[in-house]
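Before any comments, here is the structure.
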Amino acid sequence: MKIKKRTQVIIPVFNEERSIEDLIPFLKYYNKSAFIFINDGSIDGTKEIVNKYQFNCIDIDENRGKGNAISVGTKYAVEHGKNWIVTMDGDLQHPPELIPKFDDDGKLEIKLGWRKNRETMPLFRKFSNILTSLLLSIRSNTLIKDSQCGYRGFPAETYLKCNNREPGFHMESEFLIKACILGITINHIEIPTIYNESKSSMNYVPDLIKFISLWIKSFLWT
């Protein structure tokens with residue numbers, strides 16, 4: 001399995017020493033230089049594990065959010081000659097063997113992971129996903145099947161053009177809206193629905209309110 005030379009796989013991590021110890025062995029089938037971990041202020045052994053396996057890693061001094069981590073990783077990628085970004089989580093919910101499906105195939109698009117089977121999702125997570133996907137679809141006038149999936153592939157240039165400002169995971173919704181405003185196509189890639197013992201970073205009710213606030217503000221972007 002190959003990852004194209006100008007593709008950067010960005011893996012934001014925060015206190016995920018248990019999961020990345022299991023994830024990293026699956027990455028050995030690819031070119032190690034294609035990956036960069038963004039250590040978002042972890043206070044456990046995350047940094048030491050990444051260093052042990054000698055993967056590239058950018059350390060952020062304190063936890064500033066997933067959106068900020070992806071922005072840092074994208075800037076690094078562009079500075080090192082990369083033009084395509086793949087983002088995946090480090091909690092084992094995104095199977096590494098699917099990375100080639102999110103790689104660049106020469107189209108101006110966002111490849112968005114889609115968890116078709118929602119039956120195994122926690123109840124509030126399912127409700128939140130359905131609601132946010134519906135609202136994003138309405139706002140962008142584009143079908144968004146899984147707004148909360150962080151397994152994605154996209155042109156680095158498109159990400160930079162969107163000038164995303166949300167530091168947390170709401171940036172993923174911000175990016176989809178702004179990209180659709182620019183006329184970027186969304187291509188859904190079906191992935192399995194995997195939930196494990198890793199703790200979600202979502203604070204369900206406050207984060208849903210925050211999303212709705214972002215959605216309302218988005219009407220001022222055009």
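No hydrogens, no waters, no symmetry mates; every other heavy atom, side chains included, goes into these values. All figures in this text were calculated on a predicted structure; none of them were measured in a lab. Numbers here are sequence positions counted from 1.
Between the side chain of Lys47 and the backbone N or O of Ser42, no donor-acceptor pair lies under 3.5 Å. With Arg118 contributing its side chain and Arg115 its backbone, the two residues share no donor-acceptor pair below 3.5 Å. Distance alone, capped at 3.5 Å, is enough to place a donor-acceptor pair between the Glu174 side chain and the Glu166 backbone. Of the possible polar contacts, none joining the Trp84 side chain to the Ala156 backbone as a donor-acceptor pair under 3.5 Å is found.
Using modelled atom types, one finds no donor on one side chain facing an acceptor on the other under 3.5 Å when comparing Thr120 with Thr193. If you check the side chains of Thr46 and Asn39, you find no donor sitting under 3.5 Å from an acceptor. Side-chain N/O atoms of Glu97 and Tyr30 include no donor and acceptor closer than 3.5 Å.
Atom NZ of Lys107 is surrounded by 12 or fewer heavy atoms from other residues, nucleotides or ligands within 6.0 Å. More than 12 heavy atoms of other shown residues, nucleotides or ligands fall within 6.0 angstrom of atom CG in Asn117. In this structure, Leu143 places its CG atom where more than 12 heavy-atom neighbours from other residues, nucleotides or ligands lie under 6.0 Å away.
Note on Lys52 versus Glu21: salt bridge recorded, some NZ/NE/NH1/NH2 to OD/OE distance being below 4.0 Å. Classification of Arg64 and Asp61 as a salt-bridged pair holds, one side-chain N sitting under 4.0 Å from a carboxylate O. Classification of Asp89 and Lys66 as a salt-bridged pair holds, one side-chain N sitting under 4.0 Å from a carboxylate O.
A perpendicular orientation is assigned to the rings of Trp114 and His188, their planes being inclined by more than 60° (bins at 30° and 60°).
Tested against Asp40 for a side chain to side chain donor-acceptor pair (under 3.5 Å), the candidates Asn63, Asn15, Asn68 yield a single pass: Asn63.
Figure legend: Arg139 and Phe219 shown as a cation-pi pair, the cationic atom lying under 6.0 angstrom from the six-membered ring centre and within 45 degrees of its axis.
For Phe154 and Phe175, the distance between ring centers is under 6.0 angstrom.
The distance from the NZ atom of Lys145 to the CG atom of Leu134 is 14.5 Å, given to the nearest 0.5 Å.
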